[in-house]
Amino acid sequence: MAQATVSADGLTRREFLYYIWGASIALFAVQFTGLLIWFMLPRFREGEFGGKFTLPVDTLPDVNEPPFDFPDGRFWLVNVNNMVAIGCERMWAASGDGDIEGAVAIYKVCTHLGCIYAWVNANDRFECPCHGSKYRLDGRRIEAPAPRNLDRFKLLALDENDSVLAESTVDDKGSYSTLQLPAGTAFLQIDTGDKKSGDSQVLLSDFPKNCP
Ligand code: FES
């Protein structure tokens, strides 16, 4: 008949294996909990790309003026209104646009192959140096090869106590709409961890009589 082996300190082999098994389970539980906590921690800190940036409302340019460049957050801030554009100004209206009015935070990466495009004052539009895509002040495509309009970040209007007065909503094209700032807006908050892709609207260069 088989007998349990007893070690020098009084543990049977079976007890020893139980302890090892228990210790392994405990170690796995600790590792799993650690990973879970790590996973749940915010990925980005405030003021870091991928996080939230809070800027005074007067950072926003005047209506249809050239965009405000914010390299740390990789976005442009623009203030657009296609109802006050005249002739070949920056926010010339195109058929099918509807009324476009308010503030937008636009991601600085071209939707074609990811180059960093620039605002070109002389031409009143964004231009990509890599393959020539062009975009209107609000990020709508003027010329390909970009497959869609520029992407946008979520924008919030805050009062002096940092309470949210309004925030950008998702439009029927799946991108963030322009945000009209309520009275009392003291700060703008741009959430660069919350980006929506631009829509593949008709190229503005396809419309007759457009300015570019
Ligand atoms: S990456 Fe901008 S046009 Fe190709």
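Note that ligands are numbered from 1 as they come in the structure, with each ligand's atoms numbered from 1 the same way. What's counted below: heavy atoms across the whole structure, side chains too, no hydrogens, waters or symmetry copies.
Evaluation of the ring-ring contact (aromatic ring centres under 6.0 Å, His included) rule for Y107 yields F153 as partners, not counting sequence neighbours.
Applying the disulfide (SG to SG under 2.5 Å) rule to pairs touching residues 116-148 yields C115-C130, sequence neighbours excluded. Within the structure, salt bridge (Lys or Arg N to Asp or Glu O under 4.0 Å) contacts touching residues 99-115 (residues at least two apart or in different chains) are D69-K108.
One distance of note links CZ of F68 with CG of L188; it measures 10.5 Å at 0.5 Å rounding.
Distances shorter than 2.8 Å separate atom 4 (Fe) of ligand 1 from the protein N/O/S atoms H112 ND1, H131 ND1.
For S177 (side chain) and T169 (main-chain N/O), a donor-acceptor pair under 3.5 Å exists by modelled atom type.
For the pair V84 and N64, the minimum side-chain heavy-atom distance is below 4.5 Å.
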